[in-house]
Amino acid sequence: MELVRDGLNRYRIPRRGKMRVDAVIYVNDYLRRFLGEDKALEQLMNAACLPGVVEPVIGMPDIHEGFGLPIGGIMAVAPDGVISAGAVGMDINCGVRLIRTDLEARHFNKSLLRRLIERIEHYVPTGIGKKGKHQGITRRIFEEVVHRGVTAVIEAGFGRPGDEEYIEEMGCLPGADISACSRRACERGEVQLGTLGGGNHFIEIQRVTDIFDEELARSFGLFEGQLTIMIHTGSRGFGHQICTDYTNKLAAAAKRYGIELPDRGLACAPIDSPEGKAYYQAMACAVNYAFSNRQIIMADVARAFADVLGQSPEEMGFQLVYDVAHNIAKWEEHGGRRLLVHRKGATRALCAGHPANPPVYRRTGHPALIPGSMGTSSYVLVGTEKAAETFFSVNHGAGRLLSRTAAEKKITKEEFERAMGDVVYNVRSYKDLLDESPTAYKDIEQVIQTLVDRGITRKVARMCPLAVVKGVD
DNA sequence: ATGTTC
């Protein structure tokens, strides 16, 4: 593998063979040594072979092997190019939402934290295959939700009017059309709205431990010692079914259009073809569903806090800071060109003043939310003007070091408990938790620092976990 | 990530 150093913390794989453009990877010396351990770079080079791809295909410092495009991959495509389901991912609009409060974390001891996470679990179903507790409402508004996004669930009573101003795309990606979603996808989606799911998804109660930029932190409503809440989930079985359906449809379409696929996981079709358009319409449905899923869960978490603390959400200063997508394809303008940017395990991070920011964060740049692995710190970042070189994107997390199966084999219960330290968590079966052990992930500090040193992002705040609700049976 | 091995 030819990796050519291209400035600080940046390496280039020059175009060769069927690659149409170069690939670029952001790693520091610590992270660089992990690059050969999986197929992530080959997958990045495969993506560089697709029609219409725009220079460069990008790997973030948390890059690791995925389905088609690696997790931590960014692929921008010109309008005459292709759209790929595998380049968005199985969990469409997997993403993160950060909630601020006026509460001080020092008042929350372990027993109080335990009562809180137990109450959160009372309201929010967690684990694979779980069904929602608001089905009476969510089944009725499902079609509205996929077309109109969070506004539909706010109108149904979850959260407050105006919350949508604190969500990427205002909580609704345009162009959604439910007729592009299979019956099976809709059946899975209807009953799972308002559920957390499994894997790396979580609800976390955190303490703000570090403020790196006072002025920005104040603009985002964050202060040292503050209690914050982070919700990490996506589109559940709905998005999963859409990705599965369309990987099959797009693989067949690629054949018809004479597109050579370097990997079935990168199944794609021209953006303007009927198949490509249909995938976009279905993907947008799942994007809107996931924003809405996080909105419902936020309302349930607010209810859990109100029950335990005896205060209303308003009295607690409960307020959405921002909600970002980590797996999405969107039309954006870059360097005067309109591009379809696929981000898979990557976060949009616009700089201050960028016109695509939501109005509430236009002046500062919106918060980019980066969850740590279980038991480790999460970050609030902001993009800089130099982030133009990554299509205004940063990483999405720490990045896996061990695959799920490798982690299950290698990590012991004792190692897991040591790594979790004082964090309160909802364990019932270690089987479901070991593959999410912090020791199965890379060091988030190194991942963030790689991009900070490169100058494409700035740290605003760091939060450490106090208690975490994971998807366990 | 996932009614996880359609």
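Chain letters run A, B, ... following the sequence lines, proteins first, then strands; residues in each count from 1.
- At whole-Å resolution of the value, CD1 in A:Ile242 and C1' in B:dT2 are 13 Å apart.
- Counting to the nearest Å, the P atom of B:dT4 and the CD atom of A:Glu436 are 18 Å from each other.
- Screening residues 459-469 of chain A for salt bridge (charged side-chain N to carboxylate O under 4.0 Å, His left out), with sequence neighbours left out, gives A:Asp210-A:Arg462, A:Glu445-A:Arg462.
- Remark: the backbone N or O of A:Thr233 is paired with a side-chain donor or acceptor of A:Arg294 at under 3.5 angstrom.
- Summarising the geometry, the separation between CE on A:Met90 and C1' on B:dT2 is reported as 7 Å, rounded to the nearest angstrom.
- Close placement of the A:Phe220 and A:Tyr361 rings is indicated, their centers lying within 6.0 Å of each other.
- One side chain, A:Asp245 or A:Ser182, offers a donor N or O that lies under 3.5 Å from an acceptor on the other.
- In the model, A:Asp300 has a side-chain atom that pairs as donor or acceptor with a side-chain atom of A:His134 under 3.5 Å.
- Contacts of residues 288-297 of chain A with DNA chain B (heavy atom under 4.0 Å): none.
- For the residue pair A:Glu275/A:Tyr257, the side-chain donor-acceptor check at 3.5 Å is satisfied.
- Straight-line distance from the CD1 atom of A:Ile128 to the P atom of B:dT2: 6 Å, rounded to whole Å.
- Residue contacts for A:Gly66: at a heavy-atom cut-off of 4.0 Å it reaches no nucleic acid atom on any strand shown.
- Rounded to whole angstrom, the span from the NZ atom of A:Lys249 across to the C1' atom of B:dC6 amounts to 16 Å.
- Rounded to whole Å, atom P of B:dT2 lies 12 Å from atom CD1 of A:Ile92.
- Within 4.0 Å of A:Gly234, counting heavy atoms only, lies no atom of the nucleic acid at all.
- Rounded to whole Å, the distance from CZ on A:Arg404 to P on B:dT4 is 15 Å.
- Using a 4.0 Å heavy-atom cutoff across all strands shown, A:Glu187 reaches no nucleic acid atom at all.
- Applying the side-chain hydrogen bond (donor to acceptor under 3.5 Å, both in side chains) criterion to A:Glu415, with sequence neighbours excluded, gives A:Thr439.
- To the nearest angstrom, P of B:dC6 lies 14 Å from CZ of A:Arg264.
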